[in-house]
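Reviewing the structure listed below.
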Amino acid sequence: MLPAIVLITLALAPLGLLARTGPRPLVGWALALLPALSFALLLFQLPQVTGTTQIREVIPWVPTMGVELSFALDGLSLLFALVITGIGTLIIGYAGHYMHDDPGLGRFLLYLILFMGAMLGLVLAGNVLTMFIFWELTSVTSYLLIGYKHDYPGARRGALQSLVITAGGGLALLLGLLILGEGARHAGVAPNQIYNFDAIIAAGAEIKAGPFYTPALLLILVGAFTKSAQFPFHFWLPGAMQAPTPASAFLHSATMVKAGVYLLARLAPGLGDTPLWHAALVLVGGFTFAFGALVATRKDDIKALLAYTTLSMLGGLIMLIGLGGKYAAEAVAVNILAHALYKSALFMIAGIIDHEAGSRDLRHLGGLRRMMPATAFFIALALLSQMGIPIFFGFVGKELLIEAALESLLAAPWRYAALAAIVIAAVGYIIAAWRLFKHAFLGTSSPTLAQRHHVADPRGMLVSPAIPALLSILVPLALLPWASQLLAPAASVVYGKPISFDLALWHGFNTALMVSSGAILLGILLARFERPLAALPPHLPAWADGADLLDRLLAGVDRIGGLIMGTLQTGQLRRYMLYNTITLLLITGVPFVLYVLPGLSFITPDPQLRIYEAFAAALIPIAVVAAIRAESRLSAIISVGVVGAMVSLFFILFSAPDLALTQLLIEVLSTVFLLLVFSILPARFANLSSPATRMRDAILSGMVGLLVAGLVLATATTTIFEPLAPYYLENSLAKGKGQNVVNVILVDFRGFDTMGEVTVLLTALLGIYGLLRMRREKQ
Amino acid sequence: MVNHLFLPLVVPLISAALSVMLGRWRLLTRTLTLGASLFNLGYSGWLLWLVSSAGRQVTQASAWAAPFGIALVADLLGAVMLFLAALLMFCTIIYSLLSMEPEYEQFFYYPLLLLLLLGVSGAFLTGDLFNLYVWFEVLLMSSFGLVTIGGSRAQLTGGLKYVALNLIGSTMFLIGSGLIYGLAGTLNMAHIGERLITQSEPGLTTVIATLFLFAFGSKAALAPLFFWLPESYHTPPPAVSAIFSALMTKVGVYALYRVFGTVLPGELVRLAPLILVLGGTTMVLGVFGALNQTEIRRVLSFTIISEIGFVAMGLGFASAAGLAAGLLFTAHMMIVKTALFFLAGAAEQVCGTGDMRRMGGLARREPALATLWFLAMIALAGIPPMSGFFGKLALLQAGVSQGHYLISGWAVLVSLFIFLAILKIWHEVFWKKPVEDLSQRPRLAPALLIPGALLVILSLVIGIGAGPVAELSTQAGTQILDLPGYIEATCGPAGCDAVTLRSH
C-alpha cells in the first residue's frame, strides 16, 4: 500500500493539467480527492502503528548500490504523511479558487501533486538513499513552484537561490549518508542493509564510536539545516515567497521545510546524544528560533513575516531534537502538528488578503475586519494558536517546549540558552501576530483599499484555511485524547523507546506555566510598542543580507572561473601546444627521470662504424637546426628534406629497401605539396616571437626530443620478451605465400590495419573536398 | 571464435563507399546511411545481449591466430560503447535528416558520419594496440571533415586547433605503441597485458603508460589537454556538435579504461593518484569555463570537459567499482549530452541565434521543448530519477568506500556548479521573457524534437530501471579488470605466450 500511495500520486500528477480549463474551482476540489483518499487510507493505519512498530514494504530497485524502494510506516512517518495529505487536500482545493483565472493552474497543480508524491516518499522511505531521492525531487518541484511566475526576475532569483541552497545541501547530505552507510558497514551491519534507517539506528552506538560519525553527521546537518532554512542558510525561505501562495502554504510552511526536522528526528535515537549533536542542534536551532521571531516582528509583507516565523519554529523544533529526552520528543510531535495547522491556515489567509485586497503589505492594508469578518475570525484563531495563548493548540505545544528545556539532561548553559530562545521567540510571535492583525484588520482602510470594489469574504477560498484554524482550537478543547493517540507513536520514534502520554491543557501551576505566562505578558506589553520597535535601525548591516551574499558569492565564482579560464583559454594554438608540451614533460618526463634514466645504458659504440654511417647520422641534427633557423620557407623545406633523405639512407643501411623506398616517396611528395602551398605564401617567415619565447620553445622542444630519444634508447636496450618478428619471417612464405615479408605483413598478417589506413586516406580526401568546395561564408 | 564482429565495421564502410559513389541519388544515400546505422544499432544490441549472457566474443582477422594477427574482442565495455555509439549515431542521422541543409549532402556529410561510426566502432572492438591507433586516425580524419564542412572562418580555426592538438596526442600514441612493441615484443593487447603484468616495479612500462595517459587524455579532453574541445565543438551545425559530444571524447575515455584497466592494470595502480589529480582539475576547469559562456552550445561543451573529470575519477579509483561507476556515468552523459545538443539546436532554430543574451521565452512558446530540456537538465545535474543520479551515486559510493573523501567532496561541489551553469541556460533561454519578438519566427517542427525526446526518455528509463543497468555496469567493471579472462578469450586458455611457443 505504501509504495502505491507514493507512486500513484506521482504517476497521477499529470491529472493536474486538467485544471488548464474551467471550471477551475470545481476541478481543484475534484483533484483534491486524490490526497483525501490517501489521507483516509493512512488514517486507517493508525491503530496498527503504536510505539515504534512499523509497517514495512520493500520493492527492490538497484541492489548493487543498496537502493531499494523501501517504505516503512511508523508513528513519525504517519504523522507527517497525514499532515502532507491532509493539508494537501485543502491546498489543492484552495488553489482552484485562488488561481481561478490563471491559465497556468494546470501546470501549477502538476508540480504541486508531484511535490506531494515526492514528499510522501520522503517521509515514508525506510532507506536513506530512497529518502534522498525523494528529498531531491522535493527541491526540484519546489524550484518549479517558486519560479512559477518566471517572467519576473524576482521569481527567478528566488527559485534559483532556493535551489542552490537546498540542492547544494542535498549534495552534502548525499555524501553524509554514504559516509554514514560506510560507518554502518564498519559497525558490522550486513552490506545490503547499510542504508536502512532501522539498521543504522540499531547500530547507532557503534557508529558513534567510529571515525565516520563526525564527518557523516556534519554533512547530514548541512543537508538538514539548508532544507529547513536554518541560520545562516535561512534566507532562501523568505525568497521562496515568490511562489504562488498555495505553494508557500504547502511547501514552505507545513511540509517541505520540515524535511530537515524530520530527518534529524528520525536519526535522533541512533545518532543523537553526543556533544556534537547537542551543540550543533541547540546552537543553530536555538539561534534561528529567536532570530526568526525577532526579524518577523519587523516585516511588513505578510508572507515574509510568516516566512520568518516559520523558519523560527523550524529552529525551535531542531533545538528540541538537540535537547533530547522524553519531553522533547513529545514537544516535537505536538509542535509539528500544531505548527502545520496554524501556519497553513495563516498562509492561506494571507493569500486571501492578497487576492481580495490586492496587496499583502501591512502598510497598504487596514480595516479589513469590516469587509471580511469571517476571514478575520479564522485568522484570529490561527494567530492565537501561534501566539501560544491558553486553550489553543499552540499553547499546548509551547508548554511542552518549555518543559523540554527545563527537564533536559544537558548542562545548565544549554538549558538556559534554550529557555531564553523560547522566551524570545514567544514574545516575538506575539508582537508579530499582533502587528499582522492590527495593521490588516483593525483601524481604517488605506485609500487604495477603499477604492477597490468587492472586498469580501471569499467563501470557497475560505473553506481550506477555516479547517486547520478551527482545529487549532478544537483539538485542545475536544480532541486531545485522539491527538495523543496520533502523537504518542510519533514521539516514541523520536525518543527511540515507546512512550505514551495524555496531552492536557492544564498541567497545574508549574514552572512551565509561569515562564509561559511571563512570556505572554511581556509579549503583550511589548506589542503596544510594535511601531517604534519596527522602526529601530536594521538588525543586520546591508552587506550581511544572505541572499545578496549568495548572489555575490556565485558571481565571484563566475568571475574567478572566468579569470582563470580567460587566462588559459587564449584561443591561440601555440599557447595550447605549449600546455601540451609542458604536460608531456611533466607526466612522462618526471617518471622517466625517476625510474628509467638511472638505469639507462648506452649502446656500446659499434667498432665497425663506417664513416658514411657517422656522416649520415651527424647530418640529421645539423639539418634539424638548419630547418629551425631557416628564414625562408624554401630553405626550411630543403632542410627537412635532408632529414628525410638521411632517414631513408639508414633504412637502406639496415637492409630495409621497402621502407627506404616508401620514405623517399613520402619525402618527395610532401616537398612537392609544400612547395605548391608555399607558392601562395610569402617567401620568408615573419618572426613574431620574442627571443625569450623562442629560447623557451627551443628548450622545451629539445627536452621533448631528448625524452623521446631516451625512451627509444631505453627500449632498445631492454629486451625482456621475444618479439613476434621471427614468426612472420618463418610463415610469410609458408602460410602467407609471399617472399616479401613486409608486404605479407601489410596485406595479410596485418591487412586489417592497411584497410583502415586506406580508409583514412579516402576520408581525408572527402573532408578536404568538402572543406575547399563548400564555402558558406562567401555565398 | 566467431566471425560476425566484422559486421559493424564492414557495413558502415561499404555503405559509406556506396554513398560516395552514388552521391547523386540523394534518397538512396540517405536510405543507405540510415540503413547502415540501423543495422549497427540492431547488431550491437544483439551483441550486447550475447556478451552479457555468453561472455567475451572474439574474431581473428584473416583467421591469423592471436597474437600474430589482429584480434577483435567484444567484452561488456566494448559492447556497451558500441551499442551507445550506434544508438547516438542513429539519432544524429535522424536529426540531420530533419535539420541539415541539403547542400551538405553534396559534400559527403552522410558518408563522413558513417566513417566516424566506423572509426569509433573499430576502436571499441579491436584487441590490438596499433589497430586502435588506426581507428583513431579514421576517427580523426572523418571528424575533421565534419567539423570543417561548410568552411566558415570559425570552423576553420576551430578545426585547425582540433586537428593539430589531436595529432600531438596521436603521435605520442604511435610512439608509445612502438615502444611497447620494443619492450613487450607484441601489439596484441592481451599479449601485452600477459607479458607486462610481470613488471612489479615502476619502470619503463610506467613511463610508456604515461605516454598513453597523455595521448588518450588529450583525446578524452583531460586538463590541461582539453583546449581543442571548446574551440571546435560549437562551430559546426548542431547535429555535428551533438555527435561529437556523443562520441569523440568517449573514445579517449574508452581507450583509457581499456589500456589502463585491462592491459596495464599494474600501471593504473601506480598512476592512480596522478589520474585523480588530473580528473579533479578537469572537473573544476571545465565548469569554470561553462559558467562564463553566453552561447548555449559552448556552455554544453565546457560541461563535457567537467564530466570527463568525473569519468577520470572513476578510473583513478583503480577498482572494479570505480570503473563500473565511470562506465555508468559515461553511458549516461553520452545519452544526455547528445539530447541536450539536439534540444539546443532546436532552441537556436526558434530564436535564430545561440547567444543566450538574445534568447528567451521558450518555456511559454515551446512547452514540449522546455519540458524535454528540463528533464535532460536535471538528468545532467544528477537529480533522481534520471540516469545521472545513479552515475553520480555509483561514483561517490566507490569513492567513499575506498576512502577517497577529498576527491569525492570535490566532485560533489563541482556537480553543484555544473547544475548552476546549465540552470543559467534554463533561466536565460526558457524562463526569461523573450528579448526579441518571436511571433514572426516560424514554429518549431515537432519532428525535430523526436531524437532528443527518445534520448531523454532513455535517460529516464535508465534511471527507473537502474537495477539491471547498474548490474550490467558492475559486471563490466569487474570484466575490465579481469586480465586473465581477457587473455583466455583472445589467445586461448594457455595464454598468448603458449601460442607463440607452439608456433616454433
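Below, chains carry the letters A, B, ... as their sequence lines are ordered, and counting in each starts from 1. Side chains are part of it too, since the values below use all heavy atoms of this structure and drop only hydrogens, waters and symmetry mates. Predicted, not measured: the structure shown is a model, and the values here were computed from it.
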Can you tell which part of D128(B) gets under 4.5 Å to a heavy atom of chain A, answering side chain, backbone, both or neither?
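Side chain only.
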Part of L72(B) lying under 4.5 Å from any heavy atom of chain A: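 Looking at L72(B), just its side chain touches chain A.
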Could you check, using the six-membered ring where one of them is a Trp, whether [X] and [Y] have ring centers closer than 6.0 angstrom?
| X | Y | result |
| --- | --- | --- |
| Y152(A) | W431(B) | no |
| Y576(A) | F226(B) | no |
| F749(A) | F68(B) | no |

So which residue, [options], ends up with the most heavy-atom pairs under 4.5 Å with chain A?
| options | value |
| --- | --- |
| F374(B), F144(B), W426(B) | F374(B) |
| I180(B), L160(B), I70(B) | I70(B) |
| L393(B), L274(B), I175(B) | L393(B) |
| M172(B), K433(B), H427(B) | H427(B) |
| Y109(B), W228(B), F302(B) | F302(B) |
| L9(B), D497(B), I464(B), N188(B) | I464(B) |

Do [X] and [Y] touch side chain to side chain, with heavy atoms closer than 4.5 Å?
| X | Y | answer |
| --- | --- | --- |
| T759(A) | E137(B) | no |
| V284(B) | I564(A) | no |
| Q572(A) | K161(B) | no |
| F288(B) | V557(A) | yes |
| T570(A) | F227(B) | no |
| V164(A) | F417(B) | no |
| T500(B) | Y727(A) | no |

Could you measure the distance from the [atom1] atom of [X] to the [atom2] atom of [Y]? Nearest 0.5 Å is fine.
| X | Y | atom1 | atom2 | answer |
| --- | --- | --- | --- | --- |
| Q293(B) | M565(A) | CD | CE | 8.0 Å |
| H150(A) | R364(B) | NE2 | CZ | 4.0 Å |
| L179(B) | L711(A) | CG | CG | 5.5 Å |
| E722(A) | R195(B) | CD | CZ | 7.0 Å |
| I378(B) | Y143(A) | CD1 | OH | 11.0 Å |
| F752(A) | F130(B) | CZ | CZ | 13.0 Å |

> Is it the backbone or the side chain of V67(A) that comes under 4.5 Å from a heavy atom of chain B, or both, or neither?
Replying inline: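 Side chain only.
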Please determine, by modelled atom types, if Q106(B) and Y769(A) share a side-chain donor-acceptor pair under 3.5 angstrom.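 No, because no side-chain N or O of Q106(B) sits under 3.5 Å from a partner of the opposite role on Y769(A).
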Give the C-alpha distance, both sets of side-chain angles, the deciding distance and a yes or no for side chain to side chain contact (heavy atoms under 4.5 Å, CB included) between L174(A) and K392(B). CA-CA 10 Å; L174(A) 176 61; K392(B) 192 172 74 182; 4.3 Å; yes
**Q.** Any donor-acceptor N/O pair, D558(A) side chain to N292(B) backbone, under 3.5 Å
**A.**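 No: the side chain of D558(A) does not pair with the backbone of N292(B).
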Fill in: Which of F132(A), Y595(A), F721(A) touches chain B most, by non-hydrogen pairs under 4.5 Å
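Between F132(A), Y595(A), F721(A), the count favours F721(A).
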